[in-house]
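Here's the structure, in structure tokens; my notes come after.
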There are 2 protein chains.
Amino acid sequence: MGTTERHATIADVAALAGVSVGTASKALNGRGSLREETRTRVKEAARQLNFEVNAGARSLHSGRTYTVGMITTDTIGRFSIPVLIGAEDALGAGQMSVFLCDGRDDPIREQYHVKTLLSRRVDGIIVTGRRTQARAPIAPVLPVPVVYAFISSTDPEDCSIVPDEEGGTRKAIEHLLAVGRTRIAHVTGPEHHHSAQVRAAAAAERVAEAGLALAAPPLFGAWSEVWGRQSVGILLAGGTEFDAIYCGNDQIARGAADALRAAGRRVPEDVALVGFDNWDVMAESCQPPLTSIDMNLEGLGRSAAEMLLAAINGAPSPGRHARPCQLVVRESTVPPHRPA
Amino acid sequence: MGTTERHATIADVAALAGVSVGTASKALNGRGSLREETRTRVKEAARQLNFEVNAGARSLHSGRTYTVGMITTDTIGRFSIPVLIGAEDALGAGQMSVFLCDGRDDPIREQYHVKTLLSRRVDGIIVTGRRTQARAPIAPVLPVPVVYAFISSTDPEDCSIVPDEEGGTRKAIEHLLAVGRTRIAHVTGPEHHHSAQVRAAAAAERVAEAGLALAAPPLFGAWSEVWGRQSVGILLAGGTEFDAIYCGNDQIARGAADALRAAGRRVPEDVALVGFDNWDVMAESCQPPLTSIDMNLEGLGRSAAEMLLAAINGAPSPGRHARPCQLVVRESTVPPHRPA
DNA sequence: ATGAAAGCGCTAACAT
DNA sequence: ATGTTAGCGCTTTCAT
């Protein structure tokens, strides 16, 4: 294979079909009034030459490129992928293509990407990242609309689509209460991490609303299995009585499951476990499989793309838009064959 | 923020600077001979107007878009991401942007993407996917060069960059032999899966070269932790004597580690474990941390991008190019504080 | 129903 | 050193 065949131009097609370029253009785009015979003759010529219209040249006219840029604040990872897939999906349906730019947590690199995207005259930009924490806008003012997905902008006028982590947390706690747990502990990521803060606060709040308190102050650590295991050690050593742990993410939950089993506590009979992220690989191979909160990242991406398209078409939706999370129940809270 | 400021054209810049467009173009591109004063005046005008050259219009002239397409055969996932990142990295350095297209295992969708990319006049295309198995070329003949990364093309004339899975497997076995293991079992993914076949065959071969045989016929199953656990049950129940398991991927290895521990076998003292993929999240939180084979996917992506750039510049490298895998030693084969 | 011509934003060859 | 002009591939009036 490799490089063969030159790109055919519409002039080539017109010549082959024996018409003018104007006519060829009309024929191919279904515009103007042409004899049916001419239309098919042109189309046949185009087919024969493998003609694909030069989108760049066309954009020169239309002012639109049917192209959007997607910038990751940090790096392309576990959280940005689903967002990316969702966006790609929604945009592809609208015949748009996506330029992917990896920011790598480097503001210079990011600015470079913004410049490049503008130079390529993208119709709009989606910004995403690994964390939900708000970030500074990618530029004070831009000639195209911007939508932040998952991550959000510190400017409240910017359009941001974010998961409702507080609502998700409430669902997790409500589920634990529903399966009869009253002594709920909370183990999560770094104290300075936005998601850790939000989830911890929401958990405490929801538990309080039920007239209860967390079994122990939230344990902040790392987003890792190792920390999940350690935290159980801490809880047990501290003499905390608990019949459930709401974990900040699935890895922590999984570490906790392993440590609990090693300590002779049964999951979910003695201790029920809820994770966060609903990361299939983790949740499903956990022993037992893990109940978790799903942020519906793909939906977030799709939503962001749709709002960007709307903004491109002149109907922006400024502001922060929170999308609901979903509880996915597995055996770490409800034993098999004995649904709650 | 949002939509403000129109895109400035070079004519706008020229007008503001009080020169002709030709002069403005030269000033901005550092061509021709201009008075330094003029050059700076034009640049200042461009800066003031936030001018970004219209890349599409420029391409009309140069015939190049400095843009490449990246198509995933299946879906954007754990294997394609690093490839993507590597490619993005290498291409970004060359001022090129990447169009990302998600194939979703759908040939129609894929063809649509190919058409779109050609229409956008990408300078080249990178094809990648989740499996190393060779696939049919994306098109019999194309006006731009194509490079397959990770996945390969069935056409031996196509340029494909693939990991040397056989070599990686040999490294794994050699490492196990080096730490004194002689009864090596092999547990891997589905029998019909290309990687499973290649790795199983290479393992058997390398063991044979050492004058040994596998402790049992390879166990084919799924690429999952669940299967990793089950397989240990099978080995133990079958009375197989083994002091090592070479696993087809990290998830299987991790499942095996858990099952071995549950069965009272120590890792690595009684049974040494080697995985494949070196998936950090899995390998590092495994108990004990997992020795694994790394395919260097990012390097693969970078390499593919470089070869694509070379091909675009007229120096193609047809054929299948295998890249070495690397052994990453952790405690599942070598106990801490007692390096081999 | 079809063709001719202008113009989208830019570059490069050619004048001045 | 700077300006003028043609033309890249395409769409779209406006003639015919």
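Convention: sequence-line order gives letters A, B, ...; per-chain numbering from 1. Given the structure is predicted, the values throughout are model-derived calculations rather than measurements.
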### Task
State whether Ser62(B) places a side-chain N or O below 4.0 Å from either non-bridging phosphate oxygen (OP1 or OP2) of dC10(C).
no

### Message
Between C1' on dG3(C) and CZ on Arg35(A), what's the gap in Å once rounded to a whole number?
### Response
14 Å

### Query
Do NZ/NE/NH1/NH2 and the carboxylate oxygens of Arg109(A) and Glu88(B) come within less than 4.0 Å?
yes

### Reading 5' to 3' through nucleotides 10-16 of chain D, protein heavy-atom contacts under 4.0 Å coded B for base, S for sugar-phosphate only, - for none
BBB----

### Summary
Atom CG of Leu34(B) and atom P of dG3(D) are separated, to the nearest Å, by 9 Å

### Query
Have Ser20(B) and Thr23(B) got a donor and an acceptor in their side chains that come within less than 3.5 Å?
yes

### Task
Describe the nucleic acid contact of Ser59(A) in one word from base, sugar-phosphate, nothing, applying a heavy-atom distance below 4.0 Å.
nothing

### Task
State plainly whether the residues Arg41(B) and Glu44(B) are in salt-bridge range, i.e. N to O under 4.0 Å.
no

#### Entry: Over 12 foreign heavy atoms within 6.0 Å of CZ, Arg320(A)
no

### Message
Is it the case that the side chains of Thr154(A) and Arg135(A) hold a donor-acceptor pair, with the cut-off being a distance below 3.5 Å and no angle test?
### Response
no

### Check: Thr73(A)/Arg130(A) side-chain N/O donor and acceptor closer than 3.5 Å
no

### Query
CG of Leu60(A) versus C1' of dA6(C): gap in Å, rounded?
13 Å

### Query
In whole angstrom, what separates Arg6(A)'s CZ from dC8(D)'s P?
15 Å

### Query
Rounding to a whole Å, what distance do you find between His7(B):NE2 and dC8(C):C1'?
14 Å

### Query
With respect to the phosphate group of dT2(D), does any side-chain polar atom (N or O) of Ser20(B) fall under 4.0 Å of OP1 or OP2?
no

